[in-house]
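In each ligand, atom 1 is the first atom listed, and ligand 1 is the first ligand listed.
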Amino acid sequence: MTITKDKVVSMTYTLTDDEGKVIDQSGDSPLVYLHGHKNIVPGLEKALDGLAVGANATAKVPPSEGYGEYDPKLKFAVDRNKLGDQIPPEGSLVQLTGGSGQEFVARVIEVTDAHVGFDANHPLAGQNLNFNVTIKEVRAANAEEIAHGHVHGPGGHQH
Ligand code: ZN
């Protein structure tokens with residue numbers, strides 16, 4: 001069975017940056033996703049299309065097909081006294097509410113006496129993503145999974 005839209009794919013992967021440093025890897029528990037439903041970055045989904053069980057593939061995904069270009073406008077600072085007593089430590093991820101009520105996640109990049117600096121870019125924005133992937137299993141998704149747009153059961157959503 002090969003990877004096409006509405007197949008559930010189980011794979012192991014290693015993700016490295018352009019210097020060869022490992023950013024993320026699946027280890028012993030394969031990543032399970034529903035193909036053709038934007039569960040994974042577009043560039044990787046495209047690279048996996050048509051592969052069969054057992055295939056080993058590498059894919060170099062540019063930012064435009066990964067986590068986006070780095071946008072300097074997504075860096076901002078908030079007055080420290082507006083944040084009350086709970087100042088998050090540098091490097092932590094916090095959920096914030098924007099001007100029109102939308103929630104988003106930002107990383108704390110600087111804490112000074114006057115302000116706290118945030119960066120709402122994805123941590124991998126602006127980076128090439130170098131994937132090395134091995135396809136472990138491919139199965140047809142059931143109707144409920146296709147309707148929900150994600151995988152149920154082992155490795156997927158439990159609900
Ligand atoms: Zn579901």
*More than 12 non-hydrogen atoms from neighbouring residues, nucleotides or ligands closer than 6.0 Å to NZ on K38, yes or no?*
no
*How about H150 and H152: are their ring centroids closer than 6.0 Å?*
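Between H150 and H152, the centre distance is under 6.0 Å.
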*Quick one: which residue pairs count as a salt bridge (Lys or Arg N to Asp or Glu O under 4.0 Å) with a foot in residues 93-103, not counting sequence neighbours?*
none
*salt bridge (Lys or Arg N to Asp or Glu O under 4.0 Å) contacts in which one or both residues fall within residues 44-63, not counting sequence neighbours*: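 Every pair satisfying salt bridge (Lys or Arg N to Asp or Glu O under 4.0 Å) with a residue in residues 44-63: D18-K60, K46-E65.
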*Can you list, by chain and residue number, the protein N, O or S atoms under 2.8 Å from the Zn ion (ligand 1)?*
H148 ND1, H150 NE2, H152 NE2, H159 NE2
Compile the donor-acceptor pairs under 3.5 Å between side chains in residues 70-83 and protein atoms, sequence neighbours left out, one pair per line.
residue	atom	partner	partner atom	Å
Y70	OH	D119	OD2	2.6
D71	OD1	K73	N	2.9
R80	NH1	T112	O	2.9

*Shortest non-hydrogen separation from L34 to V151 and the atoms involved*: N-CG2, 3.5 Å
